[in-house]
J.: 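Before I ask anything, let me first share the structure, which is written out below as structure tokens.
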Protein chains: 2
Amino acid sequence: MSTSPIRLRDVALAAGTSTKTASRVINGDARVAVDTRKRVQEAVDSLGYQVDLMARSLRKGVDDTVGIVVPTIGDPFFAKAIEEIEQMALPRGINILVASNSRDPHLERKVVDGLLARRVAGLIVTPFSTDYSFLERVSTPVVFLDRHPEGINVGAVIVDDEGSAHRIVMHLASFGHRRIALLTDGLTVKTSRLRREGYLRAMGELGFPVEVELQATGCVDAAQAEACTNHMLDLPVPPTAIFSARSETSLGVVRALHLRGRTDIAFVSFGDFATADVLNPAVTVIDHDPRVLARKAMEMLSERLDGTLPSADDFVIPVELIARGSGELPALRAAS
Amino acid sequence: MSTSPIRLRDVALAAGTSTKTASRVINGDARVAVDTRKRVQEAVDSLGYQVDLMARSLRKGVDDTVGIVVPTIGDPFFAKAIEEIEQMALPRGINILVASNSRDPHLERKVVDGLLARRVAGLIVTPFSTDYSFLERVSTPVVFLDRHPEGINVGAVIVDDEGSAHRIVMHLASFGHRRIALLTDGLTVKTSRLRREGYLRAMGELGFPVEVELQATGCVDAAQAEACTNHMLDLPVPPTAIFSARSETSLGVVRALHLRGRTDIAFVSFGDFATADVLNPAVTVIDHDPRVLARKAMEMLSERLDGTLPSADDFVIPVELIARGSGELPALRAAS
DNA sequence: CCGGTCACTGACAACGATTACCTGATGGAC
DNA sequence: GTCCATCAGGTAATCGTTGTCAGTGACCGG
């Protein structure tokens, strides 16, 4: 037997006031007599009244929610980011709507529109590849996470993708590697492009030949990365070092290397992952922490929600290279 | 410059009809003249009208959203579950609200109430430890995921926790182990209790002594599991096998074992994890797949949303033990 | 030629809360 | 003893959409 829901007018009736006064009490308006306030409070408690957030949001014009759009929710990187945002939103009474663009540019636009139609208070988006200029005619505050979007210049929280990739290559080179392979997601993804640019710049500066067969640029998930790694290891002259541009792809690389027992090949991952430090050798990574990015993104969004300055500058989170062993394996003299 | 939002009345005005008729077109009502429909359609397109879902939901009494409550969003197990649910909801135009109870019983109730106040169409909940009997007076359909809640008898999608745990112990025993350690989350968590019961039953049936020092029942995360494992390994007579009741704790066990080089100790994890099959030895697991659970849960919820039978029976997903090596290590004769 | 379906359409109220505006009363200042 | 500021509280409009119900012609069988 479901009890009929309690509405504000029921509370007002019980407290002997108008709905307006009851509303004031609930919203903490000071202009209510202590006595009246108490009566309303009691009515609320005894009836178990709960505000209908739907109705409130309609009236106010915005919903107390933040929408999050990521490529894939199950990716631990994004899962951690979502967690961080949710934790920050909780004390503010803000709920989180999550949606994935499923790595589909067409869907991406639809998903964002759907969230806007819901009148979310703000959005945090990791763009996949859509042109986001349509957001310019929208008043909803948006912060971009991990990637700078196309077609619009607003604030994004990012890391130095190009520079960090450059650094990884330099690191590997310092251990004698020349044949350094690159695995990235599709190049429609901005971070993939930037990391590849850093790779190419470093290779160029070092005077190393850049070979097409050492670049796998379409690894969308761990399985594909594993396949690509296997393919590279089967080359007549295989790479002596591998640079995986994403933690998801790193899982595939790790699987390929370990199942083949090729733990002699140097390996650096852009992004940490769960068992990276217990593998043998432990995996050297760029500490690309989703929580830190997410926290900053939510801070920026909060400022905009509070109407503070809408500084559209990007915020660059510093990252570090954590040497654990796999990235410091020396290159063997002339491969087998 | 943000354009003022386009409302239905603007569309109606442009199409020269009433808002009601425009509404009919938008909702695909057949009783509209072809000609009228076309005019409205054009107005919608040229103005770029989007339904205000907030208003629609208020009118309809329910929001096209499904709320998900899990202990921690960042846990890969739940992240995968959320992903699966979101993927299934997408084609139905349903959005997903995620919330975590942060493993806090007090918060848990508040979080669920908050979602209900938002008038979600349905809820999928992994209960932590709250008494959920309060849901009986609520008409919102709810499905429980992975754990059966306290105080209420509704449908839950679960696995055979007790039986699977029993099976793990039997498996380890068949390789000669007697000193089998158990690591679980707090016992307020139902799954932890059940898995421990299975462990105890098996130990009893085998006639093995059940020692308190071999049971760590408060490992909430990987770090604590690691500490507990280390503690056990330092016992005068350490365990020869470890049963970790959760994939999150398994990560801690793996770290402890590998950092100490004690890969001679048998190990089985209740729940798979990312690099379980590439570790050396590869980790034997119970294949406790969040996606399968989530899919079934969403199916059950969909049925209820469609008003179909509200069968309140639990649905038990079968699981398998995947032997990969770590669970098949033989017990050494009389430990050092 | 009339009553009766049928297809289509619109006016209006309602969803439940908030806000703009207004009313009375009280009280202090002059 | 007026008068205005302030306080407590109420009334009605409003947010944008959809359900209810009524109304208009057109068409049909009798």
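A note on names: the letters A, B, ... follow the listed sequences, proteins ahead of strands, and every chain is numbered from 1. What's counted below: heavy atoms across the whole structure, side chains too, no hydrogens, waters or symmetry copies.
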J.: Spell out yes or no: do the side chain of B/R59 and the base of C/dA14 have one donor N/O and one acceptor N/O closer than 3.5 Å?
T.: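 Indeed there is one.
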J.: Can a donor-acceptor pair be found, under 3.5 Å and without considering hydrogens, that links the side chain of B/T36 to the backbone of B/V32?
T.: no
J.: May I ask you to verify if any side-chain N or O of A/Y49 is less than 4.0 angstrom from the OP1 or OP2 atom of C/dA17?
T.: yes
J.: From CG of B/D52 over to P of C/dC15, roughly how many Å is that when rounded to an integer?
T.: 18 Å
J.: Among D/dC15, D/dT18, C/dC8, find the nucleotide with the atom closest to the side chain of B/A33.
T.: C/dC8
J.: Between A/R7 (CZ) and C/dA14 (C1'), how many Å, whole number?
T.: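 Computing the A/R7:CZ to C/dA14:C1' distance gives 11 Å.
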J.: What is the separation between atom CG on A/L8 and atom C1' on D/dT14, rounded to the nearest whole Å?
T.: 16 Å
J.: Spell out yes or no: do the side chain of B/R24 and the base of C/dG10 have one donor N/O and one acceptor N/O closer than 3.5 Å?
T.: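 Answer yes: a donor N or O sits under 3.5 Å from an acceptor.
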J.: Does B/E248 pair with B/R103 as a salt bridge, N-O distance under 4.0 Å?
T.: no
J.: Any base atoms under 4.0 Å from B/S57, or only sugar-phosphate, or nothing? Heavy atoms, all strands.
T.: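 The answer is nothing, as B/S57 stays clear of every strand by at least 4.0 Å.
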J.: Quickly work out the B/R9 CZ to C/dA13 P distance and round it to whole Å.
T.: 16 Å
J.: DNA chain D: A/R37 or B/L58, which has the more 5' nearest nucleotide?
T.: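 Comparing both residues, the 5'-ward one is A/R37.
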J.: Is the closest basic N to carboxylate O distance between A/R118 and B/D63 below 4.0 Å?
T.: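 Looking at B/D63 together with A/R118, the answer is yes, because their closest N to O distance falls below 4.0 Å.
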J.: In whole Å, what is the span from the CE atom of A/M54 to the C1' atom of D/dC15?
T.: 13 Å
J.: Rounded to the Å, how far apart are A/R118 CZ and D/dG16 C1'?
T.: 15 Å
J.: To the nearest Å, give me how far apart CD1 (A/I6) and P (C/dA17) are.
T.: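 Computing the A/I6:CD1 to C/dA17:P distance gives 11 Å.
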J.: For C/dG10, does either OP1 or OP2 sit under 4.0 Å from a side-chain N or O belonging to B/T21?
T.: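 It does, given that an N or O in the side chain of B/T21 lies less than 4.0 Å from OP1 or OP2 of C/dG10.
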J.: More 5' along DNA chain C: B/S18 or B/R119, using each one's nearest nucleotide?
T.: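 Nearer the 5' end of the strand: B/S18.
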J.: Is the closest basic N to carboxylate O distance between A/D75 and A/R246 below 4.0 Å?
T.: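 A salt bridge links A/D75 with A/R246.
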J.: Quick one: does B/R56 reach the base of D/dT17 with a side-chain donor-acceptor pair under 3.5 Å?
T.: no
J.: With the side chain of A/N27 defined as its heavy atoms from C-beta on, choose the nearest nucleotide among C/dT18, C/dC15, C/dC8.
T.: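 Between C/dT18, C/dC15, C/dC8, the one nearest the side chain of A/N27 would be C/dT18.
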J.: Is a salt bridge present between A/R7 and A/D52, judged by a nitrogen-to-oxygen distance below 4.0 Å?
T.: no
J.: For D/dG9, take OP1 and OP2 only and decide whether either is under 4.0 Å from a side-chain N or O of A/T36.
T.: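 Yes, such a contact exists.
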J.: Nearest whole angstrom, please: distance from the C1' of C/dT18 to the NZ of A/K20.
T.: 6 Å
J.: Can you see if the side chain of B/R31 gets near the phosphate of C/dC6 - specifically, an N or O under 4.0 Å from OP1 or OP2?
T.: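 Checking B/R31 against C/dC6: no side-chain N or O falls below 4.0 Å of OP1 or OP2.
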J.: If you check every side-chain atom of A/V32, which of C/dG10, C/dT19, D/dG9 has the closest atom?
T.: D/dG9
